[in-house]
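In what follows, a single structure is set out as structure tokens and then discussed.
From a predicted model like this one, the values you see are computed outputs, not experimental measurements.
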Amino acid sequence: IRIFLSSTFSDMQETRNYLTKKIFPKIEKECTDRGVRFTVLDLRWGITESESKTGKVIEICIDEINRTRPFFIGLVGDRYGWIPDEEEMRRNRHLEEKYPWVREYMKRGASITEIEMQYGVLDSGLPVDAFFFLKEEHGSTGAAGSRSEKEVKLAALKAKIRKKAAEGVCSADTYSSIEQLGQLVHERLMTMIDSKFPAD
């Protein structure tokens, strides 16, 4: 079981660290006891500075989603994330040859995180074991007219995740603390693992 972990980076560092240190090792031990190898792909440590300068970030992310299918975890917090521009296509011609559909997302001004989630789960049309965890929103986000473009896009992404969850494509849980998130991640993944690799 090799799972792709998708989220924005800067605001999710603490969250990712908590899952990596506290939750994933427990699941890994359960899997090892069943003769199953469990790993989570966290690209925080997988992309070099030279790769990011040559426009390879999107290509690497999509390649890794393909390698980890059907397993996917999406963490959605308060940020929409980095929006790549047309320059990314120019810096890496191979990207458009390999994944021509990326240009449509870039024209819409989609963030790299949204591209991962749309391609990996929401628009894939393929059967997936996908789990989304949405951070609870505190206070009013303001009227649509007063929200920034990124806030509107983030709200639309969350709405699509909930819609797909209602259709049975994925799960979508809301959490209010890191500890609650850890518990939800553990429960969701162990339920999936129990169904594929029962303890007995």
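When side chains are defined from C-beta on, Cys31 counts as touching Ile27, because their heavy atoms get closer than 4.5 Å. Looking only at side-chain heavy atoms (C-beta outward), Val121 and Lys164 stay at 4.5 Å or farther from each other. The shortest side-chain heavy-atom distance between Leu5 and Leu75 falls under the 4.5 Å cut-off. Counting heavy atoms from C-beta outward, Lys196 and Asp129 have side chains that approach closer than 4.5 Å. Side-chain contact check for Phe131 versus Ile3: every heavy-atom pair is 4.5 Å or farther apart.
Take Tyr119 and apply the ring pair (Phe, Tyr, Trp, His ring centres under 6.0 Å) test, not counting sequence neighbours, and it matches Trp101. By the side-chain contact (heavy atoms from CB on, under 4.5 Å) test, Glu136 pairs with His138, Thr174, Ser176, sequence neighbours left out. Not counting sequence neighbours, the partners of Ser177 by the side-chain contact (heavy atoms from CB on, under 4.5 Å) test are Glu179, Gln180.
Once rounded to the nearest 0.5 Å, the distance linking CD1 of Ile65 with CD of Glu116 reads 5.0 Å. The distance from atom CG of Asp78 to atom CD of Glu137, rounded to the nearest 0.5 Å, is 7.5 Å. The distance from atom NZ of Lys160 to atom CD of Glu114, rounded to the nearest 0.5 Å, is 7.5 Å. Note that CD1 of Ile1 is 4.5 Å distant from CD1 of Ile193, once rounded to the nearest 0.5 Å. Between atom CD1 of residue Ile73 and atom CG of residue Leu19 there is a gap of 7.0 Å, rounded to the nearest 0.5 Å. Here CD1 of Ile58 is found 4.5 Å from CD1 of Ile112. Values are rounded to the nearest 0.5 Å.
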| message | Walk me through whether Lys26 and Met190 qualify under side-chain contact (heavy atoms from CB on, under 4.5 Å). | response | CA-CA 10 Å; Lys26 290 182 192 172; Met190 285 312 304; over 6 Å; no
| task | Check the pair Arg162 / Leu134 against side-chain contact (heavy atoms from CB on, under 4.5 Å), numbers first and verdict last. | result | CA-CA 9 Å; Arg162 292 189 179 102; Leu134 313 180; 3.6 Å; yes
| request: Before giving the answer on side-chain contact (heavy atoms from CB on, under 4.5 Å), spell out for Phe24 and Glu28 the whole-Å C-alpha distance, their side-chain angles and the decisive distance to 0.1 Å. | output: CA-CA 6 Å; Phe24 296 148; Glu28 185 180 4; 6.0 Å; no
| task | Check the pair Thr20 / Val40 against side-chain contact (heavy atoms from CB on, under 4.5 Å), numbers first and verdict last. | result | CA-CA 8 Å; Thr20 301; Val40 176; over 6 Å; no
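Heavy atoms from other residues, nucleotides or ligands lying under 6.0 Å from CD of Glu149 number 12 at most. For NZ of Lys29, the number of neighbouring non-hydrogen atoms (other residues, nucleotides, ligands) closer than 6.0 Å is 12 at most.
Between Ser171 and Arg188 the shortest heavy-atom distance is CB-CZ, 3.6 Å. Across every non-hydrogen atom of Thr8 and Gly81, the tightest pair is CG2-CA, 3.5 Å. Smallest separation of non-hydrogen atoms from Ala172 and Ile161: CB-CG2, 3.9 Å. Heavy-atom minimum distance, Pro84 versus Met106: CB-CE, 3.9 Å. Residues Ile83 and Lys150 share a closest heavy-atom pair of CD1-CE, 3.7 Å. Closest of all the heavy-atom pairs between Ser10 and Arg79 is OG-NH1, 3.1 Å.
Taking 4.0 Å as the cut-off between side-chain N and carboxylate O, Arg34 and Asp194 count as a salt-bridged pair. Salt-bridge annotation for Glu167 and Lys163: present, with a side-chain N of the basic residue lying under 4.0 Å from a carboxylate O of the acidic one.
Between the side chain of Lys153 and the main chain of Gly109, a donor-acceptor pair closer than 3.5 Å is present. Checked by atom type and distance alone, the side chain of Glu151 pairs as donor or acceptor with a backbone atom of Ser148 at under 3.5 Å.
Counting only residues at least two apart or on different chains, the salt bridge (charged side-chain N to carboxylate O under 4.0 Å, His left out) pairs with a member in residues 60-71 are Arg2-Glu64, Asp63-Lys98, Glu64-Arg67. Pairs of residues two or more places apart, or lying in two chains, that qualify as ring pair (Phe, Tyr, Trp, His ring centres under 6.0 Å) and include a residue from residues 69-89 are Phe4-Phe72, Phe72-Phe132. Applying the ring pair (Phe, Tyr, Trp, His ring centres under 6.0 Å) test to every pair with at least one member in residues 166-197, sequence neighbours left out, gives no pairs at all.
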